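See structure below.
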Amino acid sequence: MAVKGGPADSRTRSTVSICIVIGMCVFFYILGAWQKSGFGKGDSIALEITKRTDCTILPNLSFDTHHSKQGVSSDLVSPVKKFKPCPDRFTDYTPRQDQNRAMKFPRESMNYRERHCPPQKEKLHCLVPAPKGYVAPFPWPKSRDYVPFANCPYKSLTVEKAIQNWVQYEGNVFRFPGGGTQFPQGADKYIDQLASVIPFANGTVRTALDTGCGVASWGAYLLKRNVLAMSFAPRDSHEAQVQFALERGVPAVIGVLGTIKLPYPARAFDMAHCSRCLIPWGINDGLYMMEVDRVLRPGGYWVLSGPPINWKANYKGWQRTKEDLEAEQNKIEEIAELLCWEKVSEKGETAIWRKRVNTESCPSRHEESTMQMCESTNADDVWYKKMKACVTPLPDVENPSEVAGGAIEPFPSRLNAIPPRISKGLIPGVSSQAYEKDNKMWKKHVKAYSNVNKYLLTGRYRNIMDMNAGFGGFAAAIESQKSWVMNVVPTIGKIATLGAVYERGLIGIYHDWCEAFSTYPRTYDLIHASGLFTLYKNKCSMEDILLEMDRILRPEGAVIMRDDVDVLAKVDKFAQGMRWNTKLVDHEDGPLVREKVLFAVKQYWVGGNQTASA
């Protein structure tokens with residue numbers, strides 16, 4: 001018979017158990033200390049980063065706006081490539097819209113005003129300087145009405161458009177009274193007239209496209225009605241019109257209706273607008289109206305204000321013959337009918353059409369029509385694709401009242417609702433569950449960002465860009481009338497998500513970051529880039545992308561980049577040579593996650609001044 005152990009055996013087991021517990025406590029204490037030190041991250045730069053900074057506290061990175069001339073913080077200095085300033089003549093350099101290069105291209109169909117990339121040998125590898133006297137823009141909404149003269153020192157529009165109240169020069173600032181060629185009494189009154197037909201107030205109209213926008217006063221005054229306009233105009237004889245728009249804090253890009261498709265997805269905008277934009281809508285069998293139809297959402301509105309509308313009363317003032325203007329308006333009316341747009345209003349010099357909600361509700365489509373349908377199966381494949389005189393088909397519907405592609409909720413409800421493109425399975429490989437998970441993730445990321453950059457959600461940054469926007473989760477998480485986000489979807493991405501971004505009531509654009517962006521220097525206050533450099537690995541130069549980021553970022557603007565730690569180590573080296581102050585921060589889930597966040601602030605410096613200010 002087995003004999004049970006006595007008291008001595010019990011004491012032995014108790015002693016062993018206590019030793020094991022103490023040993024485990026010591027082990028986990030040492031492990032925790034080892035991880036916190038930075039040596040346990042499993043990456044090649046952990047030691048260097050640990051020496052340079054605490055990865056959760058940023059004592060030396062200032063997000064404040066100032067113009068003092070202090071030295072660069074010595075604790076961030078390391079062997080890096082130092083980029084020199086470009087000559088002062090490049091202060092307003094726009095690589096893809098260079099005026100001298102533009103003259104080498106055909107003028108037919110505005111081809112010479114479209115984007116044309118410089119050859120590799122002509123690319124600048126220097127830092128584009130700010131003009132002398134440059135200061136931080138006024139905060140919104142003051143910036144809507146005033147722009148510092150030093151930031152955009154061009155007076156030509158104050159003379160050319162004096163009667164039309166575009167812009168006035170007053171001392172050391174430009175003042176924008178809100179006028180336009182078609183609304184010299186102000187955009188507000190003009191928008192009130194449109195509101196008698198177009199439902200701005202209930203959130204059904206959220207996104208708008210302004211073609212030939214001038215200084216974007218129409219878009220500026222729509223913002224207080226919670227309508228977000230994407231404005232564009234060419235870089236032409238109206239010097240700096242898009243630059244003025246961005247200095248005012250209004251979304252805008254350099255662009256033109258020419259020979260290639262607009263860089264926006266199909267069914268993107270709730271309305272499109274042309275106010276004396278001088279676009280020849282009737283030419284080439286209605287090519288430009290067909291492109292507007294492609295980007296206009298079913299049920300969306302098109303506004304045409306100015307020639308040739310109401311030509312009988314205005315032909316003398318427009319200095320054109322009655323016959324010419326009548327023929328132009330007849331052609332526009334004919335194309336609109338073929339596109340199945342319903343004319344809902346014509347008052348004075350303004351006409352408004354509405355696009356039908358589906359093909360089934362379009363009587364002319366059931367009859368024999370001269371209108372050719374586009375053969376492409378992907379209406380969002382637009383990058384450098386030539387426009388064609390054909391109509392983009394709408395998604396099929398089951399009944400005449402159904403909205404093609406799916407009905408969209410009014411804003412702001414649509415911001416976090418599942419976009420129809422996703423709920424209907426129109427984006428391959430993306431489920432509603434994946435979208436909701438992405439939304440939740442970005443709310444978490446933005447909360448962590450704001451713990452580091454206290455200004456992120458305060459309105460300090462008005463013009464914001466997300467260089468790799470995905471579904472627009474970052475923009476949605478920071479959405480506020482204090483700021484707006486240009487959501488860029490790279491053309492090299494595996495899936496085209498920009499349509500879903502627009503269905504959320506946000507705006508954005510397709511772009512390839514191997515090229516320069518269609519904007520002026522210093523037009524963004526904050527740039528966000530998640531996974532961008534991994535996406536473009538072996539596609540184009542990291543240096544070129546970072547120099548472009550520097551070109552479009554304002555002095556003392558901020559950058560937030562998240563990527564693999566080894567990628568960010570390389571970015572950090574370039575960034576410091578570009579006069580950016582940088583700090584690396586761990587992922588919010590802890591130091592063992594390879595994805596890190598690099599925060600940066602561009603130092604203040606101006607042309608002719610070779611010494612940077614911290």
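Small disclaimer: the values here were computed from a predicted structure and weren't measured. Computed over heavy atoms, backbone and side chain alike; hydrogens, waters and symmetry mates excluded.
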request  = Evaluate the criterion side chain to side chain contact (heavy atoms under 4.5 Å, CB included) for residue pair E346 and Q329; output intermediate values, then yes/no.
outcome  = CA-CA 12 Å; E346 182 175 333; Q329 178 154 357; 3.6 Å; yes
task = Check the pair T523, F517 against side chain to side chain contact (heavy atoms under 4.5 Å, CB included), reporting the backbone distance first and the verdict last.
result = CA-CA 11 Å; T523 46; F517 193 74; over 6 Å; no
message = Before you tell me yes or no, could you show the steps for E326 and W311 under side chain to side chain contact (heavy atoms under 4.5 Å, CB included), namely the whole-Å CA-CA distance, both residues' side-chain angles and the distance that decides it to 0.1 Å?
response = CA-CA 7 Å; E326 182 180 17; W311 58 268; 3.4 Å; yes
ask   = Could you walk me through whether R96 and S518 pass the side chain to side chain donor-acceptor pair (under 3.5 Å) check?
value = CA-CA 7 Å; R96 296 200 304 177; S518 293; 2.6 Å; yes
ask   = Could you walk me through whether D380 and Y510 pass the side chain to side chain contact (heavy atoms under 4.5 Å, CB included) check?
value = CA-CA 10 Å; D380 294 349; Y510 289 117; 3.5 Å; yes
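Listed by first then second residue, pairs satisfying disulfide (SG to SG under 2.5 Å) with a partner in residues 254-292 read C274-C277, not counting sequence neighbours. Contacts classified as disulfide (SG to SG under 2.5 Å) and involving residues 294-334 (residues at least two apart or in different chains) are not found.
Annotation: cation-pi geometry not satisfied between K189 and Y221 (NZ/CZ under 6.0 angstrom from ring centroid, within 45° of ring axis). The side-chain tip of R276 does not point at the ring of W218 from less than 6.0 angstrom away and within 45° of straight on.
Checked against the 6.0 Å centroid threshold, H528 and Y461 do not count as a close aromatic pair. Checked against the 6.0 Å centroid threshold, W281 and W302 count as a close aromatic pair. Annotation: F176 is in aromatic contact with F244 [ring centroid separation under 6.0 Å].
Other residues, nucleotides and ligands place more than 12 heavy atoms under 6.0 Å from the CG atom of D381. More than 12 non-hydrogen atoms from other residues, nucleotides or ligands lie less than 6.0 angstrom from NZ of K331. The number of heavy-atom neighbours closer than 6.0 Å to CG of D285, taken from other residues, nucleotides and ligands shown, is 12 or below.
Side-chain atoms of N330 and E333 form no donor-acceptor pair, as typed in the model, at a separation below 3.5 Å. There is no side-chain donor-acceptor pair under 3.5 Å between N487 and R504. With hydrogens and angles left out, the side-chain atoms of R267 and T392 include no donor and acceptor closer than 3.5 Å. S143 and R462 are not linked by any side-chain donor-acceptor pair at a separation below 3.5 angstrom, with hydrogens and angles left out of the test.
Between Y169 and F174, the ring planes are tilted. Angles from 30° to 60° get that label. Using a 30° and 60° split on the angle between ring planes, Y146 and F138 fall in the perpendicular class, above 60°.
Checked for salt-bridge contact, R294 and E291 meet the test: a charged N lies under 4.0 Å from a carboxylate O. A salt bridge between R225 and D192 is present, with a side-chain N of the basic residue lying under 4.0 Å from a carboxylate O of the acidic one.
A donor-acceptor pair is defined here as one N or O able to donate and one able to accept, closer than 3.5 Å; such a pair exists between the side chain of R248 and the backbone of V215. In this structure, D98 contributes its side chain and Y93 its backbone to no donor-acceptor pair below 3.5 Å. N314 places a side-chain N or O within 3.5 Å of a backbone atom of N310 that can act as its donor or acceptor partner.
Test R206, R414, K355 against D270 for salt bridge (Lys or Arg N to Asp or Glu O under 4.0 Å) and you get one pass: R414. The residue from E247, K142, R522 that alone fulfils the side-chain contact (heavy atoms from CB on, under 4.5 Å) condition with P137 is E247. The only member of W353, F232, Y190 that meets ring-ring contact (aromatic ring centres under 6.0 Å, His included) when paired with H273 is Y190.
Considering only heavy atoms from C-beta on, L209 comes within 4.5 Å of T211 through its side chain. Contact of the R421 side chain with the Y435 side chain is not registered, since no non-hydrogen atoms from C-beta on lie closer than 4.5 Å.
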